[in-house]
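Accompanying notes for the structure given below.
Letters go in sequence order (proteins before strands), and every chain restarts at 1.
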Protein chains: 2
Amino acid sequence: MGIVRKTKGVTTILKFFNQKGEATSVVHLIDLLKDKMNKTTVYRILDRLEHDGIIHSFNGKDGLKWYAKSIGCSADQHLDEHPHFQCTKCDKVECLPVEVKIPTIKNHKIDSTNILLLGKCEACSD
Amino acid sequence: MGIVRKTKGVTTILKFFNQKGEATSVVHLIDLLKDKMNKTTVYRILDRLEHDGIIHSFNGKDGLKWYAKSIGCSADQHLDEHPHFQCTKCDKVECLPVEVKIPTIKNHKIDSTNILLLGKCEACSD
DNA sequence: ATATTTTCGCAACTTTGTTGCATTAACAGT
DNA sequence: ACTGTTAATGCAACAAAGTTGCGAAAATAT
């Protein structure tokens, strides 16, 4: 059912994702909000927001969960199949507005993709 | 430095990867070998084998670490940039011997890729 | 205003992965 | 084959990410 009530926590997290365009790890978000709300609450709000298609999740380079605001995606339609880029030096993640062609694999029905590109971001290169 | 000594544990794990062609999660391997060796040892042997390019690691769909035997990859040359497929029903992972074209991203130097395709494997797609 | 029901906070727990240290086992040199 | 050196192991304790159950608090419906 996703978000049903507009609580203080929901408002705070929504504002966060709307202001900061970038992706965030759950760990970072919990730390950021540690004086305002409990980590369990953060996990649960993120769940609901993702379920509603407002944000989307993916795994960063060390298996940590990350979230970012969705674009072109609703509760019924999760079109958000874009790759992500993570800097191996500063850990920053960016959503990449490009499409990656996935070859068809015999005998396999591919439902979704999880593409993470690793390298140096603009600030960290050289 | 990778593997220096051929211990009982190394032999066991090497045999495992040579017989079973498929990928394995560390969790599964630890459980499988729990009577034979300590989980710390499993983690450390996997580290060394990966460092030597004998196996390679990647993250499964829930961020868990997986390993599989490497093909065409040595201690100096890690060419193993293939995508993986994981079944969302039975969790099985396969290495895909295909190449995925990654578009170049402006101002980003991409060093490696981490591509996980999710769907139903042959056995699970009824 | 009050009843209903979702959401929250807290504490306790689970799971994955790591670290330090004493003991054990490879193996190189004789 | 014996012995010294050093890598590798086991163990226990820890750390971090994420989950669960439950009573209390706060949204929202009536």
Side-chain angles (χ1 to χ4, degrees), chain A residues 1-17 23-52 54-68 75 84 86 88 91 93 114 116, chain B residues 1-17 23-52 54-68 75 84 86 88 91 93 114 116:
Chain A
M1 279 100 218
I3 294 293
V4 182
R5 296 186 181 183
K6 229 184 197 139
T7 65
K8 228 181 280 183
V10 169
T11 311
T12 305
I13 291 185
L14 272 179
K15 205 195 300 181
F16 172 85
F17 279 109
T24 318
S25 72
V26 181
V27 172
H28 177 238
L29 196 57
I30 287 171
D31 185 60
L32 205 80
L33 302 173
K34 64 168 174 288
D35 296 324
K36 289 191 186 161
M37 69 185 87
N38 191 271
K39 70 168 175 173
T40 311
T41 306
V42 175
Y43 278 111
R44 291 198 272 226
I45 291 177
L46 291 173
D47 266 358
R48 279 178 274 148
L49 288 175
E50 178 174 32
H51 188 279
D52 280 7
I54 296 165
I55 57 178
H56 64 279
S57 74
F58 54 94
N59 292 316
K61 68 184 169 62
D62 17 54
L64 288 196
K65 205 162 192 186
W66 286 66
Y67 282 92
H84 295 93
Q86 183 163 25
T88 50
D91 281 6
V93 172
N114 203 321
L116 186 66
Chain B
M1 279 96 221
I3 294 293
V4 182
R5 295 183 182 185
K6 226 179 198 142
T7 65
K8 228 181 281 183
V10 170
T11 310
T12 306
I13 291 186
L14 272 179
K15 206 195 300 178
F16 173 86
F17 279 110
T24 318
S25 72
V26 181
V27 172
H28 176 238
L29 196 57
I30 287 172
D31 185 60
L32 204 82
L33 302 173
K34 64 170 174 285
D35 297 323
K36 290 189 186 162
M37 69 184 87
N38 191 271
K39 70 168 176 173
T40 311
T41 306
V42 176
Y43 277 111
R44 291 197 272 224
I45 290 177
L46 290 173
D47 265 358
R48 278 179 274 148
L49 288 174
E50 179 175 31
H51 188 278
D52 280 7
I54 296 166
I55 56 177
H56 64 278
S57 73
F58 54 94
N59 292 317
K61 67 184 170 63
D62 16 56
L64 287 196
K65 205 164 191 184
W66 287 66
Y67 282 93
H84 295 92
Q86 182 161 27
T88 50
D91 280 7
V93 173
N114 202 322
L116 186 67

Worksheet item: Could you give the angle between the helix axes at the two ends of the helix from C:dA1-D:dT30 to C:dT30-D:dA1, with five pairs per end, rounded to 10 degrees?
Response: 30°
For the [atom1] atom of [X] and the [atom2] atom of [Y], what is their distance to the nearest 0.5 Å?
X: B:I13; Y: B:L29; atom1: CD1; atom2: CG; value: 5.0 Å
X: A:I45; Y: A:T7; atom1: CD1; atom2: OG1; value: 4.5 Å
X: A:N59; Y: B:K61; atom1: CG; atom2: NZ; value: 10.5 Å
X: B:R44; Y: B:M37; atom1: CZ; atom2: CE; value: 12.5 Å
X: A:T24; Y: A:H28; atom1: OG1; atom2: NE2; value: 7.0 Å

Worksheet item: 5'-most contact on DNA chain C: B:K65 or B:T7, nearest heavy atom basis?
Response: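 The 5'-side residue here is B:K65.
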Worksheet entry | Along DNA chain C (nearest heavy atom to each residue), the more 5'-positioned of B:K8 and B:D47 | B:D47
Worksheet entry | Evaluation steps, side-chain contact (heavy atoms from CB on, under 4.5 Å), between B:T12 and B:K15 | CA-CA 5 Å; B:T12 306; B:K15 206 195 300 178; 5.9 Å; no
Please give, in whole Å, the distance from [N] [atom2] to [X] [atom1]?
X: B:D62; N: C:dG17; atom1: CG; atom2: P; value: 10 Å
X: B:L46; N: C:dG17; atom1: CG; atom2: C1'; value: 12 Å
X: A:N59; N: C:dT16; atom1: CG; atom2: C1'; value: 14 Å
X: B:Y67; N: C:dT16; atom1: OH; atom2: P; value: 15 Å
X: B:D31; N: C:dG17; atom1: CG; atom2: C1'; value: 16 Å
X: B:W66; N: C:dG17; atom1: CH2; atom2: P; value: 12 Å
X: A:I45; N: C:dT7; atom1: CD1; atom2: C1'; value: 8 Å

Worksheet entry | Nucleic acid contacts - residues 32-44 of chain B versus DNA chain C, non-hydrogen atoms under 4.0 Å | B:K39, B:T40, B:Y43, B:R44
Item to complete: Tell me, please, the opening and closing nucleotides of DNA chain D, 5' to 3', among those with an atom under 4.0 angstrom from a non-hydrogen atom of chain A.
Response: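 First and last nucleotides in contact are D:dA17 to D:dT28.
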Worksheet entry | Heavy-atom side-chain proximity of B:W66 to B:Q86 below 4.5 angstrom | yes
Worksheet item: Within a strict 4.5 Å, meaning less than it, do heavy atoms of the B:L33 and B:F16 side chains meet?
Response: no
Discussion item. For the backbone of A:F58 and the side chain of A:N114, can you confirm whether one donor and one acceptor N or O come within less than 3.5 Å of each other?
Written reply: no
Worksheet item: Got a donor-acceptor contact below 3.5 angstrom from the A:D52 side chain to the A:I54 backbone?
Response: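 Not a single qualifying donor-acceptor pair exists.
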Worksheet item: When all nucleic acid strands are considered with a 4.0 Å heavy-atom cut-off, which category describes A:I30: base, sugar-phosphate, or nothing?
Response: nothing
Discussion item. Between A:K34 and A:D31, does any side-chain N to carboxylate O distance fall below 4.0 Å?
Written reply: yes
